[in-house]
There are 2 protein chains.
Amino acid sequence: MASEKNKQSDNQSKVYLEVVGRIKEIIDENQMAPGDKLPSERELTDILDAGRSSVREALRALELLGLIETRRGEGTFISDFRNHRLVEILSGFILQNEKAKKDVVKTRQLLEEICIYTLMNQSKKIDTSFWEAKESIDDGKFFAMLMGETDNYLLAKIWRIISNFEHSLNLPKIEVAKEHYLQLLKDINIGNVKIALKFYEEEIRKNVDFT
Amino acid sequence: MASEKNKQSDNQSKVYLEVVGRIKEIIDENQMAPGDKLPSERELTDILDAGRSSVREALRALELLGLIETRRGEGTFISDFRNHRLVEILSGFILQNEKAKKDVVKTRQLLEEICIYTLMNQSKKIDTSFWEAKESIDDGKFFAMLMGETDNYLLAKIWRIISNFEHSLNLPKIEVAKEHYLQLLKDINIGNVKIALKFYEEEIRKNVDFT
DNA sequence: ATCATTAAGTGGTCTGACCACGTAAATCCA
DNA sequence: TGGATTTACGTGGTCAGACCACTTAATGAT
């Protein structure tokens with residue numbers, strides 16, 4: 001009787017779960033789409049009447065699920081969440097086998113190659129000036145951009161999720177000179193698939209070799 | 001300059017992600033199984049040299065993933081990975097629109113292209129006799145085989161899950177002539193990536209168009 | 001105009017303080 | 001003694017406040 005009285009919406013005893021639900025509502029009601037910015041953590045804290053730590057627990061969970069992405073100093077944004085179960089598999093999977101690590105890396109690289117392939121199929125030209133201006137190039141950010149250039153958001157999303165998990169595995173980071181990334185962009189813009197992919201494999205990923 | 005090694009400073013990896021990784025290590029090293037109890041939050045805070053809030057962010061994320069289970073007053077326990085109630089959370093979050101269905105199909109096809117691409121990169125030769133002997137070819141079984149031919153377990157598993165999920169959506173089934181599948185195999189064995197992928201897109205998946 | 005500086009906003013993290021709950025030890029009482 | 005009760009402690013749950021690091025926009029100086 002009157003069991004619905006407890007909280008506003010539903011069951012959830014834990015605040016962070018409640019917040020997860022409320023965030024979903026916010027997204028729905030405002031018809032928010034991937035890329036849109038969510039209210040800041042402090043705003044949510046106020047709106048949802050919860051502690052910031054609880055809000056963060058919810059956001060972090062959603063982030064690991066690949067539903068949102070956060071950029072320090074900028075905010076929290078909705079990402080493409082249509083892959084759902086992907087994460088489930090990956091998680092249960094990754095925490096078991098050893099070979100899984102290798103597969104994660106390999107799969108990510110495959111996605112990146114497909115990305116390159118896709119871009120060239122679209123005859124996509126990429127603006128290099130932004131990256132030329134940089135001192136050094138972060139591998140993750142670079143390919144995140146590349147993924148974004150394709151009109152296949154699913155590809156980008158899968159890549160991001162896998163990348164995210166890979167990150168949590170504490171694998172050795174790769175170091176690639178800025179010039180190599182720029183060369184890759186150049187190859188892509190020129191439009192020679194074979195050269196671009198070969199360059200990716202041999203220069204960008206040459207030093208990936210972990211046990 | 002002056003970018004000392006204060007705490008965990010520079011590398012953009014977030015503490016909570018690192019904690020996720022460390023927890024995984026703990027589980028691995030101690031050969032922990034579902035049902036086993038993890039160190040308490042405060043212990044982890046001490047062991048991992050991180051704030052309790054960060055530890056909790058990691059734990060909450062893992063909890064939402066269904067990897068761990070927490071019981072107030074008792075502790076945190078490794079949960080059976082098979083308990084994926086995660087799907088409900090995500091589906092509630094996402095499966096609202098019809099477009100999601102389309103995305104599932106797109107994703108699967110993308111994975112299949114990646115598969116083909118991978119096989120050819122491995123210069124994998126596929127035995128066609130088994131399929132030639134058949135009267136008709138089941139699309140699912142065919143690509144299940146292809147996935148199995150790659151040595152990337154993760155890729156295969158992702159595809160399998162998505163494929164299963166797609167089945168549950170009762171989408172119209174595609175009908176492709178046996179000869180087309182055989183032709184694809186032939187293209188793969190020959191080793192021309194462009195032709196094989198083009199053939200896949202235009203012949204194997206040409207008739208995929210649902211609303 | 002251009003560049004450097006400042007300020008404000010945002011996520012990232014840590015700490016300390018409580019509360020709610022469960023358990024086991026200590027205690028009490030018949 | 002033996003069972004029931006109380007107590008103390010450990011654990012997760014939550015909150016508030018304080019900084020830090022980074023981004024962006026407003027501001028100021030040249």
Side-chain angles (χ1 to χ4, degrees), chain A residues 6-8 11-23 26 35-64 67-79 130 133-136 138 140-141 144-145 164 167-168, chain B residues 1-23 26 35-64 67-79:
Chain A
N6 295 340
K7 304 280 183 174
Q8 248 60 25
N11 35 28
Q12 321 299 10
S13 54
K14 305 186 186 185
V15 174
Y16 94 94
L17 287 178
E18 178 81 14
V19 173
V20 167
R22 299 290 297 276
I23 289 178
I26 292 177
D36 288 351
K37 185 173 176 304
L38 280 170
S40 75
E41 295 182 353
R42 290 169 177 86
E43 279 183 279
L44 286 173
T45 294
D46 191 43
I47 296 173
L48 306 181
D49 190 38
R52 193 180 162 209
S53 52
S54 290
V55 169
R56 278 187 60 81
E57 285 177 13
L59 290 176
R60 257 7 86 211
L62 290 177
E63 182 179 59
L64 196 58
L67 298 179
I68 63 174
E69 54 184 279
T70 51
R71 296 199 282 277
R72 180 186 230 152
E74 298 181 55
T76 304
F77 304 83
I78 300 179
S79 70
F130 172 76
K134 289 198 160 247
E135 276 198 14
S136 65
D138 178 79
K141 290 179 182 173
M145 175 279 293
N164 206 345
H167 214 249
S168 72
Chain B
M1 56 177 72
S3 112
E4 307 306 310
K5 44 120 183 170
N6 291 338
K7 302 285 185 181
Q8 63 290 326
S9 56
D10 48 5
N11 59 358
Q12 74 219 21
S13 63
K14 310 178 184 182
V15 173
Y16 94 93
L17 285 178
E18 231 146 298
V19 172
V20 167
R22 299 287 298 275
I23 289 178
I26 292 178
D36 290 350
K37 186 174 177 301
L38 280 170
S40 75
E41 295 181 354
R42 291 169 176 85
E43 279 183 280
L44 286 174
T45 294
D46 191 43
I47 296 174
L48 305 182
D49 191 38
R52 194 182 160 206
S53 52
S54 291
V55 170
R56 278 187 60 82
E57 285 179 12
L59 289 177
R60 258 6 85 210
L62 290 177
E63 183 179 57
L64 198 58
L67 296 181
I68 64 174
E69 175 183 338
T70 48
R71 296 198 282 276
R72 183 186 223 148
E74 298 181 55
T76 305
F77 305 83
I78 299 180
S79 85

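Chain letters run A, B, ... following the sequence lines, proteins first, then strands; residues in each count from 1.
Look at CD on A:Glu69: it is 18 Å from P on C:dT10, rounded to the nearest Å. With rounding to whole Å, A:Asp46 atom CG is found 14 Å from D:dC15 atom C1'. The distance between atom CD of B:Glu43 and atom C1' of D:dC9, rounded to the nearest whole Å, is 14 Å. As rounded to whole Å, 10 Å separates atom P of D:dT14 from atom CD of B:Glu63. The nearest whole Å value for the distance from the CD atom in B:Glu41 to the C1' atom in C:dC14 is 15 Å. Taking atom CZ of B:Arg71 as the reference point, atom C1' of C:dC21 lies 13 Å away to the nearest angstrom.
Side chain to side chain, A:Lys14 and A:Ser54 fail the donor-acceptor criterion of an N or O pair below 3.5 Å.
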Extract from the structure each pairing of a protein N or O with an N or O of nucleotides 1-9 of chain C at less than 3.5 Å, listing the distance.
unit_1, atom_1, unit_2, atom_2, d
C:dG9, N2, A:Gly73, O, 3.2

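The overall bend of the helix from C:dA1-D:dT30 to C:dA30-D:dT1, read as the angle between its terminal helix axes built from five base pairs each, is 30° when rounded to 10 degrees.
A heavy-atom distance below 4.0 Å to DNA chain D is reached by these residues of residues 50-58 of chain B, ordered by number: B:Arg52, B:Arg56.
When the nucleotides D:dG12, C:dG11, D:dT14 are ranked by their closest atom to the side chain of A:Arg42, C:dG11 comes out on top.
Here A:Glu41 contributes atom CD and A:Asp46 contributes atom CG; the two are 14.0 Å apart, rounded to the nearest 0.5 Å.
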